[in-house]
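For reference, the structure discussed in these notes is given below.
Residue indices begin at 1 and follow the sequence shown. Note that the structure is predicted; figures quoted are calculated from it, not measured.
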Amino acid sequence: IDESILNFDGVCSFRKSVKTKTTEKSGIKVYTLVESDTFYTANIEICVSEKNENEALQTRTTNDLIKKLVSHLHHSGMTIVTPPRMTTFSLVNSLTNDCGLNCVGGLLSKRKEIPQAFYSKDRKNFSSVFGFTQSGISLLSYINAKNKACMVISTRNDQYHVRKAARTGAPEALIWYKQRRGAANV
């Protein structure tokens, strides 16, 4: 799952403008569900504000949009990969418990739910810390060459999580996530 801006210069009540350091994009913001091996777009959700009977604007939350995107996959046991800006502990719990799906997502390191030990500055480069909850969620913190913590949360509790890749020394769970996270951008 990822979000993007489709270029659109016409008149539209839900057109978004996104400014980056180098460019400004204007268009329609969409969330896409893409199969990571074949790059097949399985579902698209346009990000709009909706009006209810009282004419008040209601903006759907990211969690609601993601749950709508994956509604046709409920209880299939498939794995949903989410980018750090969308991944929250509540989303992971909801996809797992309510929808019967696995979830693997990057985490922004500013989340209050993450224990301090997971992004401690005292750790060596290329070191890993794993945490596991009783509800089946695992959390991985990996310190890369730039002394920055990469965080991944997962409900896939395969054996691959704790093994390290022979070539890079990075946990296989992190490599698996990085290989699949950009499918929606292709």
Side-chain angles (χ1 to χ4, degrees), residues 1-4 29-48 50 58-120 128-144 148-165 170-186:
I1 294 178
D2 208 348
E3 63 185 351
S4 60
K29 184 176 181 180
V30 295
Y31 289 85
T32 54
L33 174 66
V34 177
E35 204 286 320
S36 64
D37 292 328
T38 62
F39 305 112
Y40 175 79
T41 301
N43 204 352
I44 295 176
E45 189 66 29
I46 298 173
C47 183
V48 297
E50 298 175 342
Q58 286 185 319
T59 303
R60 293 183 286 182
T61 66
T62 302
N63 286 8
D64 293 337
L65 284 167
I66 290 172
K67 285 168 41 176
K68 187 170 182 185
L69 269 177
V70 300
S71 62
H72 66 286
L73 301 174
H74 282 198
H75 305 290
S76 66
M78 295 186 83
T79 300
I80 305 301
V81 179
T82 57
R85 66 189 171 279
M86 292 183 195
T87 307
T88 62
F89 282 84
S90 63
L91 174 66
V92 172
N93 278 324
S94 179
L95 288 176
T96 303
N97 299 329
D98 302 340
C99 304
L101 298 167
N102 290 310
C103 185
V104 177
L107 280 174
L108 298 174
S109 59
K110 303 292 183 204
R111 301 266 184 219
K112 64 182 180 205
E113 301 95 341
I114 300 174
Q116 190 65 33
F118 280 82
Y119 45 114
S120 172
S128 303
V129 173
F130 290 88
F132 303 93
T133 66
Q134 298 216 350
S135 61
I137 296 174
S138 60
L139 182 63
L140 158 66
S141 171
Y142 175 71
I143 303 292
N144 64 17
K148 186 174 178 184
C150 302
M151 308 274 189
V152 175
I153 188 171
S154 175
T155 58
R156 283 182 51 136
N157 292 318
D158 303 86
Q159 293 290 329
Y160 80 93
H161 269 301
V162 294
R163 288 194 317 245
K164 290 190 174 194
E172 288 188 19
L174 180 64
I175 294 169
W176 187 92
Y177 168 72
K178 286 186 172 186
Q179 288 173 340
R180 287 159 178 79
R181 70 178 176 189
N185 296 329
V186 173

Closest approach of M86 to L91 (non-hydrogen atoms, all atoms of both residues):
O-CD2, 3.6 Å
Any residue meeting salt bridge (Lys or Arg N to Asp or Glu O under 4.0 Å) with K29, in chain and number order, not counting sequence neighbours
E3
All side chain to side chain contact (heavy atoms under 4.5 Å, CB included) counterparts of A42, not counting sequence neighbours
L33, Y40, H72
How long is the straight-line distance from OH of Y177 back to OG1 of T87, given to the nearest 0.5 Å?
5.5 Å
Which heavy atom in V92 sits nearest to a heavy atom in T96, and how many Å separate them?
O-OG1, 2.8 Å
Quick check: closest heavy atoms across L140 and A173, and the distance to 0.1 Å?
CD2-CB, 4.1 Å
Distance (rounded to the nearest 0.5 Å) between F130 CZ and L139 CG
10.0 Å
Sequence neighbours excluded, which residues qualify as side chain to side chain contact (heavy atoms under 4.5 Å, CB included) partners of E113?
F89, R111
Here the gap from L107 atom CG to S154 atom OG, rounded to the nearest 0.5 Å, amounts to 10.5 Å
In Å and rounded to the nearest 0.5 Å, what is the CD1 to CE distance from I114 to M151?
4.5 Å
Report the C-alpha distance between N43 and L73 in whole Å, list the side-chain angles of each, state the deciding distance to 0.1 Å, and finish with yes or no for side-chain contact (heavy atoms from CB on, under 4.5 Å).
CA-CA 11 Å; N43 204 352; L73 301 174; over 6 Å; no
Distance from I66 atom CD1 to I80 atom CD1, nearest 0.5 Å?
9.5 Å
Determine whether N63 and S90 satisfy the following criterion, side-chain contact (heavy atoms from CB on, under 4.5 Å), listing intermediate values before the conclusion.
CA-CA 8 Å; N63 286 8; S90 63; 3.2 Å; yes
Just so I know, are the side chains of K67 and T61 near enough to count as touching, which here means a heavy-atom distance under 4.5 Å?
no
Within a strict 4.5 Å, meaning less than it, do heavy atoms of the T62 and T88 side chains meet?
no
Would you call V104 and N102 a side-chain contact if the rule is heavy atoms closer than 4.5 Å?
no
For D98, enumerate each residue passing the side-chain hydrogen bond (donor to acceptor under 3.5 Å, both in side chains) test, keeping only those at least two apart in sequence or located in another chain.
S94
Separation between CG of L174 and CD of Q179, rounded to the nearest 0.5 Å:
10.0 Å
Restricting to side chain to side chain contact (heavy atoms under 4.5 Å, CB included), what partner residues turn up for N97, sequence neighbours left out?
N93
How close do G77 and L101 get, heavy atom to heavy atom, and via which atoms?
N-CD2, 4.3 Å
Residues which pass side chain to side chain contact (heavy atoms under 4.5 Å, CB included) with N144, listed by chain and number, not counting sequence neighbours:
Y142, K146, K148, C150
Hey, does the side chain of S141 reach the backbone of V129 with a donor-acceptor pair shorter than 3.5 angstrom?
no
